[in-house]
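Here the structure is a predicted model, which means the values were calculated and not measured. The chains referred to below are lettered A, B, ... by the order of the sequence lines, with proteins before strands, and numbering in each begins at 1.
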Protein chains: 2
Amino acid sequence: MEPVSQNKDEEITEATDPDHLGKMIREARLQKGWTLEEAGKAAGIGRSTLSKIENNQTRPSFDIVRRLTKALELKTPQLFVQSGPSDISGRRDVTFAGQGEPQDTATYSHELLCTELTSKRMFPYISTIKARDVSEFEAWIRHRGEEFMYVISGELTLFTEHYRPLALKAGDSVYYDSGMGHGCVSTSKENAKVLWVSLE
Amino acid sequence: MEPVSQNKDEEITEATDPDHLGKMIREARLQKGWTLEEAGKAAGIGRSTLSKIENNQTRPSFDIVRRLTKALELKTPQLFVQSGPSDISGRRDVTFAGQGEPQDTATYSHELLCTELTSKRMFPYISTIKARDVSEFEAWIRHRGEEFMYVISGELTLFTEHYRPLALKAGDSVYYDSGMGHGCVSTSKENAKVLWVSLE
DNA sequence: TAGAAAAGTTTCCTATAAGAAACATTAGGC
DNA sequence: GCCTAATGTTTCTTATAGGAAACTTTTCTA
């Protein structure tokens with residue numbers, strides 16, 4: 001009942017299953033109850049081409065795959081699956097309260113959560129936002145991707161480009177494009193505590 | 001300073017920028033400080049091919065793109081960008097405490113967060129896990145993807161396949177493969193409250 | 001500044017993807 | 001059972017992706 005051992009030596013060699021792509025696409029099409037004709041039309045490709053792709057009798061171009069992902073609403077990362085040993089398949093990682101991995105900067109004090117799982121796609125962490133004056137707000141933080149925040153305790157102001165500053169208190173949550181400039185300032189006397197989950 | 005208006009009529013037509021792919025790849029390569037030769041070798045493709053891809057003089061196959069994403073550690077979803085109007089570019093979405101969208105089942109009571117942003121990739125929600133006996137644990141929940149949970153209040157037991165049951169209390173967090181069977185039971189007298197963020 | 005080496009681009013050729021149409025297979029109606 | 005319609009597969013052809021090598025441009029060094 002112990003975690004699956006993570007073999008560090010094992011290379012992320014070639015694609016796990018050469019038939020993966022076709023299988024995924026066929027599964028998605030049947031899920032929608034579409035025929036080759038219908039799915040092909042939706043994606044703008046011929047039914048013969050689609051047949052060959054689903055049966056892995058061809059190595060489709062990226063364009064074709066992209067059109068299919070759109071038409072079939074496929075989850076793109078699944079198509080790139082990079083094999084078993086190094087991903088999180090069948091694994092879990094716990095971090096008990098206050099046991100996260102500390103990472104401090106001038107204005108933020110982060111506690112990284114679940115850092116054992118290195119190949120996960122979301123990055124959860126808890127930040128203690130030091131109480132300071134709103135006027136102290138400095139530069140925008142920007143990083144490609146999406147971010148979700150949940151206020152655990154305290155009160156703070158979230159600044160984002162294109163929007164008015166937003167006053168938040170415990171229990172409030174925000175989801176935003178993290179490529180858009182953003183930053184927080186605690187407006188309570190004590191420090192504010194926020195849970196973030198970052199993607200990408 | 002109002003949110004960018006979301007034009008529902010606007011179709012998610014063709015790829016936004018036909019040169020997007022090449023730009024992303026060149027950017028990633030230069031980020032690593034690699035020459036065409038080096039990057040090509042790492043991905044197992046010729047430098048001439050890579051040159052043409054970066055300059056968008058060719059429509060690469062899916063295989064080639066996948067090899068490049070691995071070698072250059074590219075974030076795959078970025079390659080599929082489905083244009084501007086329907087994605088979350090430059091947007092944010094707030095849900096104040098207790099204002100989520102309710103969604104109840106027999107054993108769980110969910111409150112979906114930030115549901116205005118329909119094209120986001122992570123799905124945050126708060127669940128109230130009703131107090132009941134551990135023996136009442138029923139069937140595994142399974143859904144492709146990854147999941148992060150953070151215990152807001154109460155105490156509960158997390159069951160997951162391949163592992164021993166795990167006792168959790170406020171402030172604890174777990175990250176796991178949600179394709180692996182999982183389920184929760186509140187072990188405190190009162191209901192337990194959990195924040196989940198689901199991906200995929 | 002010249003010369004050499006390295007990085008990037010273009011040309012040429014072969015292998016193959018993608019679509020059209022022919023062919024095969026399955027499902028339903030009588 | 002047979003006939004028909006619909007779905008899926010296999011040719012066949014054309015356009016093009018991908019690699020090798022020739023060519024061009026840039027960078028480094030003396």
Exercise. Tell me, please, the opening and closing nucleotides of DNA chain D, 5' to 3', among those with an atom under 4.0 angstrom from a non-hydrogen atom of chain B.
Key: D/dA17 to D/dA22

Quiz item: Going from SG on A/Cys114 to CD on A/Gln99, what distance comes out if it is rounded to the nearest 0.5 angstrom?
Solution: 12.5 Å

Quiz prompt | Value rounded to 0.5 Å, distance of CG in A/Asp93 from CG in B/Asp177 | solution = 12.5 Å

Quiz item: Taking only residues at least two apart or on different chains, which pairs with a member in residues 186-197 of chain A satisfy salt bridge (Lys or Arg N to Asp or Glu O under 4.0 Å)?
Solution: none

Practice problem: Go through the structure and list residues passing side-chain contact (heavy atoms from CB on, under 4.5 Å) with B/Gln31, not counting sequence neighbours. | Solution: none

Quiz item: Does A/Ala170 have any side-chain contact (heavy atoms from CB on, under 4.5 Å) partners at least two apart in sequence or in another chain, and if so, which?
Solution: none

Quiz item: Hey, can you pull the residues of residues 34-44 of chain B with a non-hydrogen atom under 4.0 angstrom from DNA chain D?
Solution: none

Quiz item: Which residue lies toward the 5' end of DNA chain C, B/Ser61 or B/Asn55, if each is placed at its nearest nucleotide?
Solution: B/Asn55

Self-check item: ring pair (Phe, Tyr, Trp, His ring centres under 6.0 Å) pairs, two or more places apart, involving residues 26-64 of chain B
Solution: A/Phe80-B/Phe62

Quiz prompt | Spacing of B/Leu112 atom CG and B/Ser127 atom OG [to the nearest 0.5 Å] | solution = 8.5 Å

Quiz prompt | Non-neighbouring partners of B/Phe123 that pass ring pair (Phe, Tyr, Trp, His ring centres under 6.0 Å), sequence neighbours left out | solution = none

Exercise. Begin from the C-alpha positions of A/Glu161 and A/Arg142 and carry the test salt bridge (charged side-chain N to carboxylate O under 4.0 Å, His left out) through to its verdict.
Key: CA-CA 10 Å; A/Glu161 274 183 321; A/Arg142 273 178 228 277; 2.8 Å; yes

Practice problem: Using heavy atoms and a sub-4.0 Å distance, could you list which residues of residues 45-53 of chain A are near DNA chain C? By number, please. | Solution: A/Ile45, A/Gly46, A/Arg47, A/Ser48, A/Thr49, A/Lys52

Self-check item: Residues in side-chain contact (heavy atoms from CB on, under 4.5 Å) contact with A/Arg26, at least two apart in sequence or another chain
Solution: A/Arg29, A/Leu30, A/Glu54, A/Asn55

Quiz prompt | Under the ring pair (Phe, Tyr, Trp, His ring centres under 6.0 Å) test, residues paired with A/Tyr176 that sit two or more places apart | solution = A/His182

Quiz prompt | Those residues that, when tested against B/Ser61, pass side-chain contact (heavy atoms from CB on, under 4.5 Å) (two or more places apart) | solution = B/Asp63, B/Ile64

Quiz item: Along DNA chain C, 5' to 3', what are the outermost nucleotides having an atom less than 4.0 Å from a heavy atom of chain A?
Solution: C/dA17 to C/dA22

